[in-house]
K.L.:
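One structure, as structure tokens, below. Some questions next.
Proteins come first, then strands; the chains are lettered A, B, ... in the order of their sequence lines, and each starts at number 1.
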There are 2 protein chains.
Amino acid sequence: MQTQSDIRLTPQRQVILEELAKVKTHPTANEVYDMVRKRLPRIGLGTVYRNLELMADNGMILKLEVGGSQKRFDATTDLHYHIRCTGCGRVDDIQFSAMPQLDQLAANSSDYQVLGHHIEFSGICESCDDPQEAKK
Amino acid sequence: MQTQSDIRLTPQRQVILEELAKVKTHPTANEVYDMVRKRLPRIGLGTVYRNLELMADNGMILKLEVGGSQKRFDATTDLHYHIRCTGCGRVDDIQFSAMPQLDQLAANSSDYQVLGHHIEFSGICESCDDPQEAKK
DNA sequence: TTAATAAATGAGAATGTGTATTATTCCTAT
DNA sequence: ATAGGAATAATACACATTCTCATTTATTAA
């Protein structure tokens with residue numbers, strides 16, 4: 001694990017970063033791949049994975065290990081929480097302020113050296129709510 | 001999604017449940033498979049997956065979608081939080097009491113119908129801490 | 001500038017986790 | 001005992017992610 005070290009800004013990396021910053025959703029690697037491919041049609045999926053991973057290690061972006069089978073990426077790196085729709089899997093930001101004091105609580109009640117935390121809410125998003133109402 | 005409905009307690013299911021209740025770790029499906037196989041050598045991995053999923057839907061056990069590439073299972077179903085070691089991937093319980101009021105906060109600051117939440121701490125467990133100390 | 005060296009990429013193979021299929025076996029109720 | 005449905009074991013399949021490696025691109029040293 002490194003913090004802001006020697007990472008060369010190749011064209012591929014730049015485009016990945018720009019496209020990720022452009023959206024407020026939290027795309028999967030494949031979705032990033034699709035966005036990037038419009039500008040760099042010859043880029044490989046492996047390159048996208050490799051660089052997302054690299055930039056996450058570097059602290060430039062956030063890798064979200066939320067529920068579901070795919071990892072998601074976030075250009076906003078400050079501590080904030082997420083909510084995931086159990087219907088469609090989309091992930092949105094939760095706007096209330098983070099609670100760093102939780103880490104202290106956890107440290108007191110475990111033998112771990114606590115590094116951080118993440119809160120993931122689950123719920124039904126607006127889009128998924130409507131069709132369900134119709135069914136009733 | 002169902003709550004405590006008609007689920008037949010086959011020998012396989014009973015052993016899966018017993019083995020899961022026996023440990024305080026939060027084993028992956030594969031680890032459950034290994035434990036169960038000592039008592040039922042002919043059981044299939046698919047059966048373990050199918051029944052863990054079924055029992056989770058049923059509310060008999062908890063499916064943890066924590067970080068890492070594998071899902072984990074927990075025989076303790078009341079709301080509690082977890083901490084995951086970034087070194088070895090093991091998952092332990094965090095002992096302080098849950099905060100259901102967080103759901104209300106989230107509901108107020110999003111358009112979702114909030115169903116619940118989970119907090120996952122990350123850190124270094126005791127076992128992983130020692131070798132790292134030695135390296136310095 | 002050019003040669004040597006190192007790093008990054010693209011293509012595709014390989015791995016690993018989880019799900020679907022299907023023939024067979026096991027219950028359960030007549 | 002037998003028919004009908006549920007559950008199982010074995011295996012094939014799907015998908016996300018990582019790995020390999022030959023080629024390309026950038027950097028460094030002369």
K.L.:
C:dT9, C:dA7, D:dT17: which one has an atom nearest the side-chain heavy atoms of A:Y49?
P.N.:
D:dT17

K.L.:
Are any protein N/O atoms closer than 3.5 Å to N/O atoms in nucleotides 14-16 of chain C? If there are, list each pair with its distance.
P.N.:
none

K.L.:
Between A:S127 and A:R90, is the side chain to side chain contact (heavy atoms under 4.5 Å, CB included) condition met? List the steps.
P.N.:
CA-CA 10 Å; A:S127 317; A:R90 70 178 277 189; 4.0 Å; yes

K.L.:
Could I get the full list of ring-ring contact (aromatic ring centres under 6.0 Å, His included) partners for B:H82, not counting sequence neighbours?
P.N.:
B:H26, B:H80, B:H118

K.L.:
Compare side-chain N and O positions of B:R50 against OP1 and OP2 of D:dA9 and report whether any pair is under 4.0 Å apart.
P.N.:
no

K.L.:
Where the side chain of A:L45 is concerned, which of D:dT17, D:dT8, C:dA8 is the nearest nucleotide?
P.N.:
D:dT17

K.L.:
How far does OH of B:Y112 sit from SG of A:C128, to the nearest 0.5 angstrom?
P.N.:
8.0 Å

K.L.:
Could you tell me the separation between the CZ atom of A:R13 and the P atom of C:dG10, rounded to a whole number of Å?
P.N.:
11 Å

K.L.:
For residues 76-86 of chain B, which residue pairs qualify under salt bridge (Lys or Arg N to Asp or Glu O under 4.0 Å), counting only residues two or more places apart or in two chains?
P.N.:
A:E65-B:R84, B:R84-B:E120

K.L.:
Hydrophobic cluster membership, with links at side-chain heavy-atom distances under 4.5 Å among I/L/V/M/F/W/Y: are B:I83 and B:L64 in one?
P.N.:
no

K.L.:
Can B:M55 be reached from B:M35 by stepping across I, L, V, M, F, W or Y side chains whose heavy atoms are under 4.5 Å apart?
P.N.:
yes

K.L.:
Given side chain to side chain contact (heavy atoms under 4.5 Å, CB included), test B:L54 with B:R13 step by step and report yes or no.
P.N.:
CA-CA 10 Å; B:L54 192 78; B:R13 281 173 193 162; 3.7 Å; yes

K.L.:
Hey, are B:R72 and B:D74 close enough for a salt bridge, meaning a charged N less than 4.0 Å from a carboxylate O?
P.N.:
no

K.L.:
I want to check one thing: is the phosphate of C:dG10, taken as OP1 and OP2, less than 4.0 Å away from some side-chain N or O of A:Q12?
P.N.:
yes

K.L.:
In this structure, how many angstroms lie between the C1' atom of D:dT18 and the CG atom of A:D57, rounded?
P.N.:
14 Å

K.L.:
Using whole Å, report how far CG of A:L52 lies from C1' of C:dT9.
P.N.:
15 Å

K.L.:
Can you tell me how far P of D:dT17 sits from CG of A:L64, to the nearest Å?
P.N.:
12 Å

K.L.:
Quick check on contacts: within residues 23-42 of chain B, what sits under 4.0 Å from DNA chain C by heavy-atom distance?
P.N.:
none

K.L.:
So which of A:L62, A:N58, A:D57 actually passes side chain to side chain contact (heavy atoms under 4.5 Å, CB included) with A:M60?
P.N.:
A:N58

K.L.:
Would A:I119 and B:V66 show up in the same hydrophobic cluster when neighbours are defined by side-chain heavy atoms closer than 4.5 Å?
P.N.:
no

K.L.:
Please determine if A:K22 and A:E19 form a salt bridge, counting it only when a charged side-chain N lies under 4.0 Å from a carboxylate O.
P.N.:
yes

K.L.:
Using five base pairs at each end, measure the axis-to-axis angle across the helix from C:dT1-D:dA30 to C:dT30-D:dA1 and round it to 10 degrees.
P.N.:
30°

K.L.:
Could you state the CG-P distance from B:L54 to C:dA20, rounded to the nearest angstrom?
P.N.:
14 Å

K.L.:
Measuring from the side chain of B:R8 (C-beta onward, heavy atoms only), which nucleotide among C:dA7, D:dA9, C:dT28 has the closest atom?
P.N.:
C:dT28

K.L.:
What is the distance, rounded to the nearest whole Å, between atom CG of A:N51 and atom C1' of C:dA7?
P.N.:
12 Å

K.L.:
What donor-acceptor contacts under 3.5 angstrom involve side-chain atoms of residues 97-105 of chain A, with partners at least two apart or in another chain?
P.N.:
| from | atom 1 | to | atom 2 | distance (Å) |
| --- | --- | --- | --- | --- |
| A:D103 | OD1 | A:H117 | ND1 | 2.8 |
| A:Q104 | NE2 | A:N108 | OD1 | 3.1 |

K.L.:
How is A:T10 classified with respect to the nucleic acid when contacts are heavy atoms under 4.0 Å: base, sugar-phosphate, or nothing?
P.N.:
sugar-phosphate

K.L.:
Can you tell me the distance, in whole Å, between the CD atom of A:E53 and the C1' atom of C:dT9?
P.N.:
17 Å

